[in-house]
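Because the structure is a prediction, the values reported are computed rather than measured. Letters A, B, ... are given to chains in the order of the sequence lines, protein chains preceding strands, and every chain is numbered from 1.
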Amino acid sequence: MKFSETVFPVRNYDLAATLSSGQAFRWREVNGAWEGVVGGHWVRLTQKNEGISAEAAERLGDWNWLRHYLQIDVDFEAVLRSFPQDDEHLQKAVESCSGLRLLRQEPWECLGSFILSSTKQIVQIQQIVALVCERFGEPLKVPENHPQVFSFPTAQRVANCAENELRECKMGFRAPNLLKTAKMIASGEVDLQSLYKMSLDEARSELVRLPGVGGKIADCVLLFAYGFPKAFPIDVWILKALRQLYFPKRKPTAKRLVHFSQTHFGPNAGYAQQYLFHYMRTKT
DNA sequence: GTCCAGGTCTTCC
DNA sequence: GGAAGACATGGA
């Protein structure tokens with residue numbers, strides 16, 4: 001048999017919301033299942049009563065890489081309990097989508113994707129990332145009669161591209177940023193592995209050295225790839241949420257909002273951020 | 001046609 | 001320090 005599958009018995013996990021909530025950009029819904037790429041493997045995930053089922057196109061004995069990516073073993077109830085219980089806005093956001101989770105992505109792919117995200121809608125980011133993978137990624141094993149799927153190209157591969165090749169992937173003015181960043185990663189000028197053992201502030205200051213990476217994109221990578229639970233990306237949606245819900249009268253400065261995000265939401269502020277983001281985008 | 005999108009960087013006051 | 005403008009592209 002050249003096909004493997006497993007089931008992660010997990011409760012309170014909303015696969016669709018999690019995979020389509022703008023953390024990762026390579027998941028596609030196909031006939032009720034979700035197809036994507038994790039750790040160089042093509043994967044198909046399906047929400048079942050007993051949990052999440054996973055299929056791969058290769059023979060695999062170990063699923064820990066996917067278990068880690070999906071954060072199956074996180075104490076999710078503890079995360080929800082850590083939220084400020086008297087915050088009715090946040091509680092409402094949680095109720096509206098209580099199985100929304102955070103993924104744990106590979107840093108370079110997350111970083112590269114979010115460099116491409118600035119002032120783009122999520123659907124367009126997905127299109128750009130898909131083009132980048134098709135043109136510069138490596139072909140992966142897929143099921144028979146399944147369309148070809150490619151890996152997200154390494155920093156080395158992107159660093160070897162010409163800027164106009166990248167622009168052909170519709171990324172516009174983001175092309176030089178992705179290219180320069182890829183070169184800094186490939187040359188070792190910035191070592192993404194080293195960020196795992198840094199503090200949140202140290203890791204952020206390292207990321208913002210990269211062209212096209214400011215505070216918001218750095219926080220996305222710190223939250224979605226490195227798992228810093230207090231990283232709190234403030235984008236246009238979160239800005240709107242914080243202003244409307246928490247500061248309806250005053251017009252707080254950006255600095256004030258950052259301080260609020262770090263003090264009000266507790267040790268898992270990043271999760272709270274994802275709930276508010278999803279809530280603002282999906283409510284009528 | 002106009003507005004805006006999971007921003008960042010530069011310029012100018 | 002904070003407020004504008006530029007930057008490509010395409011969906012709403």
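Judged as a side-chain contact (heavy atoms from CB on, under 4.5 Å), and not counting sequence neighbours, the contacts of Arg256(A) are Phe247(A), Pro252(A), Thr253(A), His259(A), Phe260(A).
Think of the region where chain A sits on DNA chain B: with heavy atoms and a 4.0 Å cut, that region ends 5' and 3' at dA5(B) to dC9(B).
If you take CZ of Phe173(A) and C1' of dG5(C), they are 12 Å apart, rounded to a whole angstrom. Across the protein-nucleic acid pair, Ile128(A) atom CD1 and dC7(C) atom C1' stand 13 Å apart, rounded to whole Å. Arg256(A) has its CZ atom 14 Å from the P atom of dG2(C), to the nearest Å. Whole-Å rounding puts the Ile122(A) CD1 to dA12(C) P distance at 12 Å. Rounded to whole Å, atom C1' of dA12(C) lies 10 Å from atom CD of Gln124(A).
OP1 and OP2 of dT9(C) both lie 4.0 Å or more from every side-chain N or O belonging to Lys120(A). Taking only side-chain nitrogens and oxygens, Arg167(A) comes nearer than 4.0 Å to OP1 or OP2 of dA8(C).
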(request) Before giving the answer on side chain to side chain donor-acceptor pair (under 3.5 Å), spell out for Gln71(A) and Arg101(A) the whole-Å C-alpha distance, their side-chain angles and the decisive distance to 0.1 Å. (result) CA-CA 8 Å; Gln71(A) 292 285 285; Arg101(A) 307 288 193 115; over 6 Å; no

(request) In sequence, state the C-alpha distance, the side-chain angles, and the governing distance for Tyr196(A) and Phe228(A), and then conclude on ring pair (Phe, Tyr, Trp, His ring centres under 6.0 Å). (result) CA-CA 9 Å; Tyr196(A) 281 109; Phe228(A) 284 97; 8.6 Å; no

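Annotation: of the two residues near DNA chain B, Lys216(A) and Pro211(A), the 5′-most nearest-nucleotide partner is Lys216(A). Mapped onto DNA chain B by nearest heavy atom, Leu210(A) and Pro233(A) fall at different nucleotides, with Pro233(A) at the one closer to the 5' end.
No chain of hydrophobic side-chain contacts below 4.5 Å, direct or via other Ile, Leu, Val, Met, Phe, Trp or Tyr residues, connects Leu210(A) to Phe173(A).
Relative ring orientation between Trp63(A) and Trp65(A) is described as parallel, the plane-to-plane angle staying below 30° on a 0-90° scale split at 30° and 60°. Using cut-offs of 30° and 60° for the angle between ring planes, the Phe25(A) and Phe114(A) rings count as perpendicular.
At a threshold of 4.0 angstrom between heavy atoms, the contacts of Phe25(A) with the nucleic acid are absent. Counting non-hydrogen atoms under 4.0 angstrom, Gly22(A) reaches a base of the nucleic acid. Counting any heavy atom pair closer than 4.0 Å across all strands shown, Ile238(A) reaches a base atom. Counting any heavy atom pair closer than 4.0 Å across all strands shown, Ser113(A) reaches no nucleic acid atom.
Distance noted for atom P between dT8(B) and dG10(C): 22 Å (whole Å). Atom P of dG2(C) sits at a distance of 26 Å from the matching atom of dG6(B), rounded to the whole Å.
Heavy-atom minimum distance, Ala24(A) versus Tyr69(A): CB-OH, 3.7 Å.
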